Number of protein chains: 2
Amino acid sequence: MKKGRVTIKDIARELNIAPSTVSRALNDHPAIKKETKEAVKALAEKLDYQPNLLALNLLQKKSNTIGVIVPEITGHFFSAIITGVQDVIVHSEYNIMICLSNESYEEELTIVKRLSKIQIDGVLVSPSSETKNFDHFKKLQKSGIPIVVFDRDCPGLEADKVLVDDYFGAFQAVEYLIGIGCNRIAHLGGPLNLSTTEHRLQGYLDALHKNKVAVNDQYVVHVSGFSHEEVELATKELLNNNELPDAIFAYSDNLAISAMHTAKELGLQIPGQISIVGFDDEPHSAFITPALSTVWQPVYSMGMLSARILLSHLKNPNTPPEYRKEVFKPELVIRASSKENKLVSED
Amino acid sequence: MKKGRVTIKDIARELNIAPSTVSRALNDHPAIKKETKEAVKALAEKLDYQPNLLALNLLQKKSNTIGVIVPEITGHFFSAIITGVQDVIVHSEYNIMICLSNESYEEELTIVKRLSKIQIDGVLVSPSSETKNFDHFKKLQKSGIPIVVFDRDCPGLEADKVLVDDYFGAFQAVEYLIGIGCNRIAHLGGPLNLSTTEHRLQGYLDALHKNKVAVNDQYVVHVSGFSHEEVELATKELLNNNELPDAIFAYSDNLAISAMHTAKELGLQIPGQISIVGFDDEPHSAFITPALSTVWQPVYSMGMLSARILLSHLKNPNTPPEYRKEVFKPELVIRASSKENKLVSED
DNA sequence: AAAGTGCATGCAAAGGTTTGCATTGCCAAA
DNA sequence: TTTGGCAATGCAAACCTTTGCATGCACTTT
């Protein structure tokens with residue numbers, strides 16, 4: 001018995017053969033005699049030999065690990081994406097390292113440095129809401145690490161992208177609100193540098209334009225973070241307009257729910273006086289009262305696809321930089337927080 | 001310019017000194033002359049030298065990574081714990097690898113094998129609801145890997161534990177229900193092998209005993225998984241009793257919300273006809289209607305403490321096996337889903 | 001001048017595995 | 001018998017860093 005764990009050398013010594021032969025036998029190298037292979041494998045089994053991946057990593061200059069950078073995981077959205085990623089990666093030889101930026105650019109930088117140090121093999125990323133500059137990701141790419149961006153786009157970064165057609169989702173939602181008779185539709189927008197914020201805003205604006213509903217600047221407010229206080233403040237700003245909006249299209253379900261709460265506190269009837277539509281379709285959105293109308297996104301599938309794309313790059317490291325861009329279609333889900341009751345009070 | 005990334009040898013060659021000197025200079029070894037250190041550091045900076053952690057891992061026989069095994073992350077509970085863990089670990093030199101068992105014993109085994117292969121340095125674990133046998137964790141410990149168990153206990157496993165006083169929480173909740181006049185209190189219990197299930201059940205039973213409320217076996221049902229269908233079925237079983245319960249104490253908020261939904265579908269008034277109390281205080285529980293009474297747990301702190309305990313073991317690897325057991329006190333949060341309206345209908 | 005002291009640095013091994021090339025032994029063809 | 005070829009295995013380098021011990025040098029002390 002030796003001290004530490006069993007190595008390939010231990011097996012070699014025991015069998016009076018060279019370590020290289022053991023290695024080849026274990027890996028079913030064709031130049032090794034059948035009996036040798038069997039003997040080696042039997043002894044390896046008996047000694048409970050575990051290959052030392054650390055040594056392999058050094059040799060191959062790769063960590064067999066992929067990093068996933070997300071802003072947070074306490075909401076359903078990113079945790080569901082991660083679950084999708086995990087369910088794909090778990091069937092590969094890769095390990096997965098989840099990193100939280102906490103919506104902070106600084107922390108995102110630190111994470112990227114760390115991942116680069118441990119020689120990460122690939123990265124899945126959804127940038128923080130503070131991130132405007134993507135040079136840290138470009139630097140990763142330059143050192144040969146493939147990157148797949150999901151949900152929140154990084155404009156100017158050439159990489160694989162798995163996105164949602166936020167514009168389409170927002171357009172649908174707002175056109176639906178117009179269709180049920182709303183004409184003072186406010187938008188509670190997300191943090192301004194996010195691509196998702198921008199696209200949802202644009203969808204909102206275009207839906208208004210197309211349907212000849214006047215755009216009122218006072219009906220558009222953006223939060224810069226996701227804390228309850230901030231959202232409450234922004235909502236009050238919307239609701240303190242001299243002309244009360246008759247609908248709020250919110251950037252996300254969480255914003256919508258916060259807004260709903262605030263509206264209730266101000267004594268407003270939902271959807272009687274004001275309709276509310278969110279975005280994300282978080283599971284609990286169906287359970288609040290009134291149940292929240294929202295825009296559903298195929299989160300789990302997005303996670304799986306992102307992971308698959310990254311894996312395919314890792315299998316073929318020499319492929320030219322031909323990036324995929326996959327855009328999922330979201331779907332409007334109508335529930336009780338919005339209601340066709342304005343047509344009457346219209347005229 | 002060389003091909004790959006800059007190594008310590010490149011710096012040594014450039015400066016006509018030995019690699020070992022470079023290493024020592026970079027690590028501020030006292031035996032190195034000041035000027036040498038400065039020269040080395042300057043060049044390292046200029047060449048953007050990144051130490052190769054893979055080589056270090058091999059040398060030290062450790063991966064500088066700790067594993068976190070959780071059953072799922074789509075709920076708030078585990079994702080908040082993980083956030084706490086992460087916020088502590090991020091300030092250490094360790095990386096963190098999050099693994100999802102999906103409440104499956106099989107997958108948990110696979111994860112443990114994987115972690116062992118990559119020479120993980122320490123593990124934080126909350127076992128799956130299927131896990132009855134903890135030998136896989138014991139095996140890890142035998143190979144010198146410290147384990148900290150959190151939330152869900154592993155009875156028979158000697159390790160550090162960061163738990164919640166589930167018994168106390170359940171006792172408080174049920175005694176409160178009795179206090180507001182309920183005397184047909186049902187329990188919608190969790191999966192049977194979980195320590196949390198057991199302790200919450202015991203708290204429920206003892207609260208009834210202490211207050212001389214009759215225990216009715218038909219009022220206790222356990223789910224074996226957390227799918228909505230299963231919970232619905234279990235709830236219906238409870239509500240189909242010839243004597244309708246006047247309260248349900250549920251194992252978790254998610255179960256409570258599912259049950260609430262089912263009860264509503266059956267036309268029951270909450271809390272008019274039946275009070276409901278959950279466990280966990282998920283953030284959305286405050287937003288559903290009626291807002292859910294529940295038992296709050298200091299999740300984020302639990303995550304942080306678990307991580308700190310593990311780190312302290314990693315700093316002092318030679319400490320004797322003296323395990324800590326930290327038990328957090330949960331707190332009853334009373335909201336609208338339970339109401340003091342039974343005293344009238346009592347007599 | 002010889003011996004002693006201490007500082008600054010170099011040498012080489014170690015960690016476990018893979019892999020290109022070399023080597024050995026054996027049999028068949030010339 | 002020599003040569004060629006093949007099958008099976010061994011050798012040694014490589015991946016990069018750290019670290020115990022040795023070395024070299026200059027200066028002080030006797």
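Source: prediction; values computed, not measured. Each chain gets a letter, A, B and so on, in the order the sequences are listed, and its residues count up from 1. Side-chain atoms are counted along with the backbone in the values below, which use heavy atoms only and exclude waters and symmetry mates.
In terms of phosphate contacts, A:Ser20 brings no side-chain nitrogen or oxygen within less than 4.0 Å of OP1 or OP2 of D:dG10. A sub-4.0 Å separation between OP1 or OP2 of C:dG10 and a side-chain N or O of B:Thr21 is present. Residue B:Tyr49 places no side-chain N or O under 4.0 Å from the OP1 or OP2 atom of D:dC16. For C:dT18, one of the phosphate oxygens OP1 or OP2 lies less than 4.0 angstrom from a side-chain nitrogen or oxygen of A:Asn27.
If you find the closest nucleotide of DNA chain C to A:Ser23 and to B:Pro30, the one lying nearer the 5' end belongs to B:Pro30. A residue-by-residue look at B:Arg24 and B:Ala55 shows that B:Arg24 has its nearest nucleotide of DNA chain C further toward the 5' end.
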Subject >> Steps toward salt bridge (Lys or Arg N to Asp or Glu O under 4.0 Å) verdict (A:Lys41, A:Asp28) >> reply: CA-CA 10 Å; A:Lys41 286 181 180 172; A:Asp28 265 334; 3.0 Å; yes
Original post:
Does the pair A:Lys161 and A:Asp153 meet the rule for a salt bridge (Lys or Arg N to Asp or Glu O under 4.0 Å), with working shown?
Top reply: CA-CA 7 Å; A:Lys161 308 206 166 165; A:Asp153 196 6; 2.9 Å; yes
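Under the 4.5 Å side-chain criterion, counting only non-hydrogen atoms from C-beta, B:Phe77 is in contact with B:Asp151.
In this structure, the nucleotide among D:dT9, D:dT18, C:dG10 sitting nearest to the side chain of B:Ile17 is C:dG10. If you check C:dT17, D:dT9, D:dC16 against the side chain of B:Thr7, the one that comes closest is D:dC16. For A:Lys61, taking side-chain heavy atoms from C-beta onward, the closest of the listed nucleotides D:dC15, D:dG10, C:dT9 is D:dC15. Distance from the side chain of B:Leu59 is smallest for D:dT18 among the nucleotides D:dT18, C:dT17, D:dT9. For B:Leu58, whose side chain is taken as the heavy atoms from C-beta onward, the closest listed nucleotide among D:dT17, C:dG16, D:dT9 is C:dG16.
As rounded to whole Å, 8 Å separates atom P of D:dG20 from atom NE2 of B:His29. Taking atom CG of residue A:Leu47 and atom P of nucleotide C:dG16, one finds them 14 Å apart after rounding to whole Å. Atoms CG (B:Asn64) and P (C:dG15) sit 19 Å apart, rounded to a whole Å. For A:Leu56 and D:dA14, the CG to P distance is 18 Å, given to the nearest whole Å. Separating the NZ atom of B:Lys9 from the C1' atom of C:dC11 is a distance of 13 Å, rounded to the nearest angstrom. At whole-Å resolution of the value, CD1 in A:Ile11 and P in C:dT17 are 8 Å apart. Between the P atom of C:dG6 and the NZ atom of B:Lys33 lies a distance of 19 Å, rounded to the nearest Å. Between the P atom of C:dT18 and the CD1 atom of A:Ile32 lies a distance of 12 Å, rounded to the nearest Å.
We find the CD1-CZ distance between B:Ile96 and A:Arg114 to be 9.5 Å, quoted to the nearest 0.5 Å.
A donor-acceptor pair shorter than 3.5 Å cannot be found between the side chains of A:Ser20 and A:Ser23.
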